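Everything below concerns the one structure shown next.
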Amino acid sequence: MKIDVLTLFPEMFNGVFGTSILGKAQEKGIVELAAINFRAYANNKHNTVDDYPYGGGGGMVLKPEPMFAAVEDLVKDAGEKPRIVLMCPQGERFTQRKAEELSSAEHLIFVCGHYEGYDERIREHLVTDELSIGDYVLTGGELPAMVVIDAVVRLLPGVLGNETSAVTDSFSTGLLEYPHYTRPASFRGMDVPEVLISGHHGRIDAWRREQSLLRTLQRRPDLLEQAELSAKERSWLEE
Ligand SMILES: COc1cccc(Cn2ccc3ccc(-c4cc(N)[nH]n4)cc32)c1
């Protein structure tokens, strides 16, 4: 997979792209990550990428020309038509399901703006997906793009050491994750649940599923509507 990020602050991505799981995914050749300064595509004397809004009002608006020129330059060598993902507070709420959908793309281009917004022609004629990472307003699209890229890349085959963890972790099952424990079996009188030390994998799986259901019921009952539950599980939860 190839991921390009169009931003005015490419240096913000150095740490995220160069270390830990994303860095290793690049070393393994699973993903190619690049942050490009779209100011390079500004076609005016002062290299401006923003301007005052027509109709007046506060704040500056991102101009269409540099963004169109930058995306067209990135797309020209592309095989499959890339997904052009615009980060903005008004976008579709980003979810694990959306991460799974994006992880099947060959090429993603993220548009990270600043200022008070984007010229609407960017949205209407360039963008394929508009995403928000939550109902709060950030200063720009870089942090939301990092969040989305992290959630997408970890799903790519070979990125996570233990293949199953991307499938069984929170939200992939539609439920919150069960509690995790590791050595020591007893720490300051706090013991690991017996079942996890029993070596009985059928009982362990059943306990983990039950804990996921309980934790989801307690913390995120809204997720239960969409989750795939057996009739027995549904009646147990409704008791
Ligand atoms: C566009 O509408 C805006 C209105 C007021 C401020 C801003 C600031 N801003 C600029 C580009 C940008 C990209 C993403 C986000 C963002 C995403 C989420 N979930 N919160 N905030 C915020 C951004 C934008």
Side-chain angles (χ1 to χ4, degrees), residues 2-17 22 33-44 46-75 82-103 105 107-155 170-172 176 219-220 222-223 226:
K2 181 165 171 43
I3 298 181
D4 292 311
V5 180
L6 289 170
T7 169
L8 292 174
F9 306 101
E11 65 279 6
M12 283 179 74
F13 292 84
N14 295 344
V16 170
F17 285 4
L22 295 193
L33 303 171
I36 301 110
N37 192 333
F38 61 82
R39 191 178 295 281
Y41 292 90
N43 56 2
N44 55 68
H46 299 293
N47 279 347
T48 51
V49 294
D50 64 311
D51 207 338
Y52 297 98
Y54 276 119
M60 301 294 279
V61 176
L62 216 55
K63 291 168 63 62
E65 306 100 312
M67 204 55 81
F68 272 77
V71 169
E72 285 157 3
D73 188 32
L74 292 173
V75 168
R83 303 274 292 255
I84 316 293
V85 184
L86 180 86
M87 303 313 301
C88 71
Q90 300 88 353
E92 172 192 347
R93 173 65 74 87
F94 179 61
T95 62
Q96 188 68 20
R97 201 179 297 273
K98 190 69 181 181
E100 287 159 5
E101 180 194 320
L102 293 176
S103 69
H107 188 184
L108 298 176
I109 298 174
F110 285 84
V111 173
C112 302
H114 266 259
Y115 317 110
E116 288 306 291
Y118 305 93
D119 182 283
E120 194 59 18
R121 289 163 288 191
I122 294 172
R123 276 196 170 86
E124 278 175 1
H125 304 288
L126 205 56
V127 164
T128 58
D129 305 80
E130 275 188 66
L131 292 181
S132 161
I133 59 166
D135 292 339
Y136 41 83
V137 182
L138 299 166
T139 55
E142 285 77 13
L143 291 177
M146 288 177 206
V147 166
V148 175
I149 291 167
D150 188 279
V152 167
V153 171
R154 69 183 291 277
L155 294 175
S170 273
F171 300 101
S172 298
L176 298 187
R219 300 182 188 182
R220 289 290 307 277
D222 57 296
L223 293 177
Q226 300 296 324

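Please read these numbers as outputs of a predicted model, since none were measured by experiment. Start at 1 and go down the list; that is how both ligands and their atoms are numbered.
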- Query: Non-hydrogen atoms of Tyr118 versus ligand 1: any pair closer than 4.0 Å?
  - Reply: yes

Using a 4.0 Å cut-off to any heavy atom of [X], which atoms of ligand 1 qualify?
X	result
Ser132	19 (N)
Gly117	1 (C)
Cys88	13 (C), 14 (C), 17 (C)

- Would you call Glu101 and Lys98 a salt bridge, using N to O less than 4.0 angstrom? yes

- Would you mind checking if Glu100 and Arg97 are paired as a salt bridge, meaning a charged N to carboxylate O distance below 4.0 Å? no

Give yes or no for whether the N/O distance cutoff of 3.5 Å, strictly under, is met between [X] and ligand 1.
X	result
Tyr136	yes
Gly134	yes
Ile133	yes
Met87	no

Nearest protein heavy atom to [atom], by residue and atom, and its distance?
atom	value
atom 6 (C) of ligand 1	Val137 CG1, 3.4 Å
atom 7 (C) of ligand 1	Tyr115 O, 3.5 Å
atom 22 (C) of ligand 1	Leu138 O, 3.4 Å
atom 15 (C) of ligand 1	Pro89 CD, 3.6 Å
atom 4 (C) of ligand 1	Glu116 O, 3.7 Å

- Query: Of the options Asp129, Leu126, Val127, which is the one that meets Leu86 in a side-chain contact (heavy atoms from CB on, under 4.5 Å)?
  - Reply: Val127

- Item | Among Val61, Val49, Asp51, the one residue meeting side-chain contact (heavy atoms from CB on, under 4.5 Å) with Tyr115 | Val49

- Is Gln90 touching ligand 1 with its side chain, its backbone, both, or neither, if touching means heavy atoms under 4.0 Å apart? side chain

[X] vs [Y] side-chain heavy atoms within contact, under 4.5 Å:
X	Y	answer
His125	Pro64	no
Ile36	Asp4	yes
Val75	His107	no

- Are any side-chain N or O atoms of Tyr118 and backbone N or O atoms of Met87, one a donor and one an acceptor, separated by less than 3.5 Å? yes

- Heavy-atom closest pair, residues Ala105 and Leu108: CB-CD2, 3.6 Å

